[in-house]
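Contents: one structure, followed by commentary.
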Amino acid sequence: MNYWLMKSEPNDYSIDDLASEKKASWDGVRNYQARNFMRDDMRVGDKVFFYHSNANPPAIVGLAAVCRESHPDITAFDKNDSHFDPKSKKGNPTWFLVDIQFVKKYKAPVTLTELKSDKKLQGMRLLQRGQRLSVMPIEEKYGKYLETLLK
DNA sequence: GCCAACGTTGGC
DNA sequence: GCCAACGTTGGC
């Protein structure tokens with residue numbers, strides 16, 4: 001079992017949206033590194049910290065779990081979708097995604113400021129400067145510690 | 001293959 | 001709204 005962190009702008013898709021829908025296909029990712037994590041490395045049962053970016057405040061707000069492994073992101077095939085990508089072909093898709101299911105919403109989210117000031121989390125990928133990946137692995141030592149922090 | 005221009009992310 | 005960091009595009 002591995003830990004991951006996925007970012008979403010709450011205006012776009014929030015933890016409350018996931019809580020009401022129960023499951024979501026993580027579509028629209030158009031970054032190769034993030035795609036590779038979803039396509040190659042994420043397994044059913046992996047834990048996913050749900051992070052609100054471009055939020056006030058930015059924070060880890062909930063927990064999800066991978067419930068379906070890699071499959072093509074069909075929004076790339078849809079001309080009318082904002083994530084349409086003409087280079088992605090149905091016979092040879094460029095973009096892949098995983099499905100996640102809601103696990104819980106934290107009563108006390110941990111804000112980016114708190115994460116940054118926590119000595120035990122120094123070195124976490126999320127906290128490295130210029131870090132823009134929307135899907136990233138969380139090292140086990142950080143993942144376990146985060147689970148003790150988040151209620 | 002280099003690199004300037006451009007677009008996006010995301011904190012502040 | 002600003003802007004730094006980063007990824008992608010496309011001319012050469």
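Letters A, B, ... mirror the listed sequences (proteins, then strands); counts begin at 1. Since this is a predicted model, take the numbers as computed values, not measurements.
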Nucleic acid footprint by protein, nucleotides 6-12 of chain B - heavy-atom cut-off 4.0 Å, B for base, S for sugar-phosphate alone: -BBBBBS
Inter-residue atom distance Phe50(A).CZ - Ile100(A).CD1, 0.5 Å rounding: 6.0 Å
Side-chain donor or acceptor of Glu114(A) paired with backbone N/O of Thr111(A) under 3.5 Å: yes
Sub-4.5 Å side-chain heavy-atom contact between Asn36(A) and Asp41(A): no
Test item: Lys23(A) and Arg68(A) side chains (from C-beta on) under 4.5 Å apart, heavy atoms: no
Residues that Arg30(A) engages under salt bridge (charged side-chain N to carboxylate O under 4.0 Å, His left out), provided they are two or more places apart: Asp73(A)
